[in-house]
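The structure appears right after this line, and notes come after that.
The structure displayed is predicted, hence computed values, not measured ones.
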Amino acid sequence: MEEINSRLIEGLAELLVKEPSSLEVMLMLTDEGPKTIEEISNEIIYDTTVTDLLNKLKRFKVVGFINNLIYITSYGQYIVKKMRNSVKEKQKGGLIYG
């Protein structure tokens, strides 16, 4: 089970680097709740098609689809929370500013 999680995390990390809009989508869904594909495509800057990006995020289990809405999964919320906490800790330590 840990090997699968390890592969998921590695794949997600690679996606976040290659497709910065994927992080933007995760943050948007965490902060604003479920959205339609049209709403997402109107709010982000992206290099790939939105549907391809969302399918990649779904493959890493950070977003899900119900009818016409895209939502962030509890795993996706966990990832966003961990990233935000990491940034806060680095800000406290003076490693990053902002």
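The NZ atom of K61 lies 12.5 Å from the CG atom of L12; values are rounded to the nearest 0.5 Å. To the nearest 0.5 Å, atoms CD (E24) and CD (E19) are separated by 12.0 Å. Atom-to-atom distance recorded for L54:CG and I37:CD1 is 6.0 Å, nearest 0.5 angstrom. In this structure, I79 CD1 and K81 NZ are separated by 12.5 Å, a value rounded to the nearest 0.5 Å. Rounding to the nearest 0.5 Å places OG of S22 at 5.5 Å from CG of L57.
Linking ILVMFWY side-chain heavy atoms closer than 4.5 Å, directly or via other members, places V80 and Y71 in two distinct hydrophobic clusters. Linking ILVMFWY residues whenever their side-chain heavy atoms come closer than 4.5 Å, directly or via other members, leaves Y75 and L69 in distinct clusters.
The backbone N or O of N68 lies less than 3.5 Å from no partner atom in the side chain of T36, so there is not a single donor-acceptor pair.
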For residues 27-35, dump all side-chain donor-acceptor pairs below 3.5 Å to protein atoms at least two apart in sequence or in another chain.
| from | atom 1 | to | atom 2 | distance (Å) |
| --- | --- | --- | --- | --- |
| T30 | OG1 | M26 | O | 2.9 |
| D31 | OD1 | R84 | NH1 | 3.0 |
| D31 | OD1 | R84 | NH2 | 3.0 |
| D31 | OD2 | R84 | NH2 | 2.8 |
| E32 | OE1 | K35 | NZ | 2.9 |
| K35 | NZ | E43 | OE2 | 3.3 |

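For K58, the side chain to side chain contact (heavy atoms under 4.5 Å, CB included) criterion is met by V63, F65, not counting sequence neighbours.
The minimum heavy-atom distance linking L23 with L16 is given by the pair N-CD2, 3.7 Å. Contact between I72 and V62 at its shortest, heavy atoms only, is CG1-O, 3.2 Å.
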Evaluate side chain to side chain contact (heavy atoms under 4.5 Å, CB included) for T49 paired with L53, printing each intermediate quantity in order.
CA-CA 6 Å; T49 63; L53 179 61; over 6 Å; no

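For the pair Q77/T73, no side-chain contact is recorded, criterion being any heavy-atom separation below 4.5 Å from C-beta on.
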